[in-house]
Amino acid sequence: MGDIGQFLPMILIFAVAYFFMIRPQMKRQKDEKKFSTELKRGDRVITKSGLHGKVVELNDKDFSCVLETMAGKLKFDRSAISMEMSKKINAPAKK
């Protein structure tokens, strides 16, 4: 019993780290991947650098997309699109 008692604090630290740090990060990565694969033409998006645009073209070979902006058309990697900001811009207005 004494040997397990020495390792119990380490096991508890690992369990806390897993449930509060590792697991939520894995869920977030899964959600972002799902978001980027579900993009479709006409979606309004915001890139992580803050550029607003509308998806005009999607390329599955190199996992990129073309956004139409006020400055013209720009090609971005789908991972550059911000999931949180894009969902906020497409959310229905609250009253």
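Here the structure is a predicted model, which means the values were calculated and not measured. Scope of the values below: all heavy atoms of this structure, side chains included, with no hydrogens, waters or symmetry mates.
The hydrophobic side chain of Phe63 is isolated, with no ILVMFWY side chain under 4.5 Å apart from it. Hydrophobic side-chain contacts under 4.5 Å tie Phe14 to no other Ile, Leu, Val, Met, Phe, Trp or Tyr residue. Cluster partners of Met83, by chain and number: Phe35, Leu39, Val45, Leu51, Val55, Leu58, Leu67, Leu74, Phe76, Ile81. The rule joins Ile, Leu, Val, Met, Phe, Trp and Tyr whenever side-chain heavy atoms lie under 4.5 Å apart.
Nearest heavy atoms, Ser64 versus Lys75: OG-CE, 3.1 Å. Shortest non-hydrogen contact noted between Lys48 and Ser79 is NZ-O, 3.2 Å.
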Discussion item. With side chain to side chain contact (heavy atoms under 4.5 Å, CB included) as the criterion, how do Glu32 and Glu84 come out once you've worked through the C-alpha distance, each side chain's angles and the decisive distance to 0.1 Å?
Written reply: CA-CA 9 Å; Glu32 283 195 25; Glu84 292 86 20; 4.2 Å; yes
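Residues satisfying the side chain to side chain donor-acceptor pair (under 3.5 Å) test with Lys54, not counting sequence neighbours, are none. With sequence neighbours excluded, no residue forms a salt bridge (charged side-chain N to carboxylate O under 4.0 Å, His left out) with Lys87.
In this structure, the side chain of Ser86 engages the main chain of Ile46 through a donor-acceptor pair within 3.5 Å. Arg41 places a side-chain N or O within 3.5 Å of a backbone atom of Val56 that can act as its donor or acceptor partner.
His52 contributes atom NE2, which lies 6.0 Å from atom CE of Met85 (distance to the nearest 0.5 angstrom).
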N/O donor to acceptor pairs below 3.5 angstrom from side-chain atoms of residues 16-27, sequence neighbours left out:
from  : atom 1 : to    : atom 2 : distance (Å)
Lys27 : NZ     : Asp31 : OD2    : 3.2

